[in-house]
Colleague: 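Pasting in a structure now, in structure tokens, and then I'll have a few things to ask.
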Amino acid sequence: MKTLYLHDSLTRTKGAFTPLDPKHVRLYACGPTVYSYAHIGNARMAVTFDLLAGILRTLYPKVTYVSNITDVDDKIITASLQTGESCAAITDKYAAIYNHDMARLGLLPPDIQPRATGHIPQMIALIQTLIEKEHAYEAQGHVLFNVPSFPAYGALSGRNRDDQIAGARVEVAPYKKDPADFVLWKPSAPDQPGWDSPWGFGRPGWHIECSAMAQEHLGLPFDIHGGGADLKFPHHENEIAQSCCARGAENDPSAFSKIWVHNGFVTVEGEKMSKSLGNVALVHDLLKEWPGEVLRLALLSAHYRQPLDWSDNLLRQIKSFLDGLYRTLYEMRNIEPDYASAPTAEIDAVLEALYDDLNTPKAIAALSHINKAASLDKSAHQKGILLRAGSLLGILKADPVEWLGYGVSGADIDSSKIERLIQERKTARAEKNYRRADEIRDELDAMGLIIEDTPGGAKWRRRE
RNA sequence: GGCGCGGUGGCAGAAUGGUGAUGUAGAGGACUGCAAAUCCUCGUAUCCGGGUUCGAUUCCCGGCCGUGCCUCCA
């Protein structure tokens with residue numbers, strides 16, 4: 001059996017992945033807080049863990065991939081106050097958009113997509129356990145996790161408690177026993193989302209929902225916990241603290257998830273995305289201009305742990321590359337792919353790259369070799385290999401005719417006129433009236449069409 | 001200030017203690033009336049300075065530059 005190697009943020013080393021239960025691998029990845037459209041950074045996380053789940057499925061008979069929707073959060077309350085919509089309306093709306101947009105990036109839905117608001121009792125129970133074990137305390141309607149009660153705190157982010165306090169720019173609330181303590185439960189005003197609890201009407205703090213949902217749907221410990229690199233601290237650090245302490249593992253930060261996988265940040269044109277810079281690249285907008293596969297492959301064009309700079313130039317390069325793949329498929333459009341052949345060295349090259357800590361650039365290079373072979377061979381076997389390799393990366397699902405824009409009709413395209421012009425050009429060329437032939441090509445070009453002369457006659461396709 | 005990451009061809013981006021992938025862009029050629037598409041070919045690419053080594057882009061030290069987290073953040 002092949003072995004998957006993964007980089008574990010907890011140990012900061014790459015090692016062979018060995019599941020707790022080889023018959024059932026369990027993966028959790030922190031999903032979005034749904035108060036607005038997802039940006040390309042959210043998408044990188046989603047694509048990375050979709051890929052990881054898919055790779056795990058090539059190795060293990062059962063994989064449960066859980067990725068949550070956080071639908072209770074102060075940012076949602078803020079959005080509600082700004083728009084006048086209810087929190088529930090906002091979260092329903094953006095959760096639906098998120099799932100729709102991610103599907104267009106070629107993601108399979110997670111096996112389970114729990115929502116925070118559906119797990120309030122589990123959170124309350126978890127908090128109660130932490131209080132009973134004296135890892136948490138109530139103060140002024142809040143419940144706080146007492147960080148000094150967890151000696152292993154800081155294992156993930158590599159910082160000790162004193163370090164982070166020294167550099168902290170956060171004001172310390174007076175009711176905290178320790179400056180590093182964080183909120184598990186906080187009071188809600190009557191007009192804010194809230195639930196009755198032993199500590200009054202309130203809502204959960206930011207970190208407890210993932211601890212509760214992961215435990216509920218995967219059991220503890222599970223195999224892999226993932227998310228964006230910025231979540232290492234404080235979010236994941238706090239999840240570890242809560243979950244490990246609740247189950248009495250005060251000295252074992254791996255008692256929650258065995259390993260941790262974090263994807264790197266996305267910058268836009270060399271700058272960090274931020275609302276103040278106004279350069280937040282939203283998936284919803286990008287999908288209006290680019291096929292989902294271009295966005296997906298662009299996100300996979302750098303190794304997941306490396307920073308990725310998002311730019312139009314990147315998208316153009318990826319689009320051109322995908323065009324080349326689809327052209328090969330177009331030329332084989334009348335061949336039924338043969339998937340039944342024995343596993344091949346070509347597919348193995350892609351898989352081995354992905355098994356090496358999801359080395360997608362290397363896998364894409366292997367895909368390129370496959371494309372080369374397929375364009376020369378044009379056999380059912382090669383087509384099967386190409387499509388299978390593409391599917392491992394979640395691409396090449398489109399119809400090549402449509403992708404390349406051949407003979408596509410549309411509201412703004414008058415096919416009969418095009419055919420007439422092409423016929424006229426054919427006649428002109430036969431009469432060696434090249435001036436007229438070129439005029440017609442210019443005319444078609446003005447209509448956004450490219451003409452290609454082939455041995456079988458002229459073909460036209462849509463320019464982008 | 002604390003912790004971390006990175007600097008490879010025009011651009012993107014892997015890998016490696018000893019011939020440095022792949023894509024994209026560009027150049028030349030084949031094909032074409034010309035194009036388009038395709039195919040072939042090409043480009044003295046590893047930030048700087050030390051160290052270890054027979055040999056370093058790769059390991060170590062220092063420097064310069066860039067960047068991330070430490071506050072809501074994927």
Colleague: Look through every strand shown and name the nucleotide pairing with B:U16 as Watson-Crick or G-U wobble, where both distances are under 3.5 Å.
Modeller: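 Result: none.
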Colleague: Quantified in whole Å, what is the P atom distance between nucleotide B:G20 and nucleotide B:A25?
Modeller: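 The answer is 24 Å between these two P atoms.
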Colleague: Residues in side chain to side chain contact (heavy atoms under 4.5 Å, CB included) with A:L144, at least two apart?
Modeller: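 For A:L144, the residues satisfying side chain to side chain contact (heavy atoms under 4.5 Å, CB included) (neighbours in sequence not counted) are A:Y137, A:A139, A:H142, A:Y175, A:K176, A:D181, A:V183.
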Colleague: May I ask you to decide whether A:D445 forms a salt bridge with A:R463, counting only side-chain N to carboxylate O separations under 4.0 Å?
Modeller: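 Salt bridge present between A:D445 and A:R463.
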Colleague: With heavy atoms under 4.0 Å as the rule, sort A:K372 into base, sugar-phosphate or nothing.
Modeller: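 Answer is sugar-phosphate: A:K372 comes under 4.0 Å of backbone atoms only.
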Colleague: Strictly below 4.0 Å, heavy-atom distances to any atom of RNA chain B: list the hits from residues 93-110 of chain A, or just say none.
Modeller: none
Colleague: Are side-chain heavy atoms of A:H119 and A:E209 found at a separation under 4.5 Å?
Modeller: no
Colleague: Considering only residues two or more places apart or on different chains, which pairs with a residue in residues 270-322 of chain A satisfy ring-ring contact (aromatic ring centres under 6.0 Å, His included)?
Modeller: A:Y37-A:H284
Colleague: Scan every strand shown for a Watson-Crick or G-U wobble partner of B:A27, both distances under 3.5 Å, and answer none if you come up empty.
Modeller: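 Per the H-bond distance test, B:U41.
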Colleague: Apply salt bridge (charged side-chain N to carboxylate O under 4.0 Å, His left out) to A:D8 and list each qualifying residue two or more places apart in sequence or on a separate chain.
Modeller: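 Not a single residue meets the salt bridge (charged side-chain N to carboxylate O under 4.0 Å, His left out) criterion with A:D8.
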Colleague: With a 3.5 angstrom cut-off on both distances, give the Watson-Crick or G-U wobble partner of B:U57, or none if there isn't one.
Modeller: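 Because no pair has both required distances under 3.5 Å, B:U57 counts as unpaired.
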Colleague: Can you give one letter per nucleotide of nucleotides 13-25 of chain B, 5' to 3': B if a protein heavy atom sits under 4.0 Å from the base, S if only from the sugar-phosphate, - if neither?
Modeller: SSS-----BSBSS
Colleague: Applying side chain to side chain contact (heavy atoms under 4.5 Å, CB included), can you list everything that pairs with A:A103, at least two apart in sequence or on another chain?
Modeller: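 Partners of A:A103 under the side chain to side chain contact (heavy atoms under 4.5 Å, CB included) test: none.
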Colleague: Could you tell me the Watson-Crick or G-U partner of B:G33, where both distances fall under 3.5 Å? Say none if there is no partner.
Modeller: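 Pair assignment: B:G33 / none.
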Colleague: Write down the distance separating the P atoms in B:C72 and B:G10, rounded off to the nearest Å.
Modeller: 42 Å
Colleague: With a 4.0 Å heavy-atom cut-off, tell me which residues in residues 388-399 of chain A come close to RNA chain B, sorted by residue number.
Modeller: none
Colleague: Got a sec? Which of residues 435-443 of chain A come in under 4.0 Å of RNA chain B, heavy atoms?
Modeller: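 Contacting residues: A:D438, A:R441.
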Colleague: Starting from C1' on B:U38, measure out to CG on A:L404 and report it in whole angstrom.
Modeller: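 After rounding, the gap between these two atoms is 13 Å.
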Colleague: Using a 4.0 Å cut-off on protein heavy atoms (strictly under), produce a 5'-to-3' string for nucleotides 27-32 of chain B with B for base contact, S for backbone-only sugar-phosphate contact, and - for none.
Modeller: ------
Colleague: Would you mind listing every ring-ring contact (aromatic ring centres under 6.0 Å, His included) that reaches into residues 417-456 of chain A, with sequence neighbours excluded?
Modeller: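 As it turns out, there is no ring-ring contact (aromatic ring centres under 6.0 Å, His included) pair with a partner in residues 417-456 of chain A once direct neighbours are skipped.
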Colleague: Considering only heavy atoms from C-beta outward, does the side chain of A:Q382 approach that of A:K378 to under 4.5 Å?
Modeller: no
Colleague: Quick test of your reading: applying side-chain hydrogen bond (donor to acceptor under 3.5 Å, both in side chains), list the pairs with at least one residue in residues 102-114 of chain A, sequence neighbours left out, ordered by first then second residue.
Modeller: A:R57-A:D111, A:N99-A:Q113
Colleague: Tell me every residue that passes salt bridge (charged side-chain N to carboxylate O under 4.0 Å, His left out) with A:K14, counting only those two or more places apart in sequence or in another chain.
Modeller: A:D356
Colleague: For A:R305 and B:G4, what is the distance between atoms CZ and P respectively, to the nearest whole Å?
Modeller: 16 Å
Colleague: Can you check the distance between B:U8 and B:G4, where both ends of the measurement are the P atom (answer in whole Å)?
Modeller: 23 Å
Colleague: For B:U71, give its Watson-Crick or G-U wobble partner with both distances under 3.5 Å, or none.
Modeller: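 Looking at the geometry, B:U71 pairs with no nucleotide.
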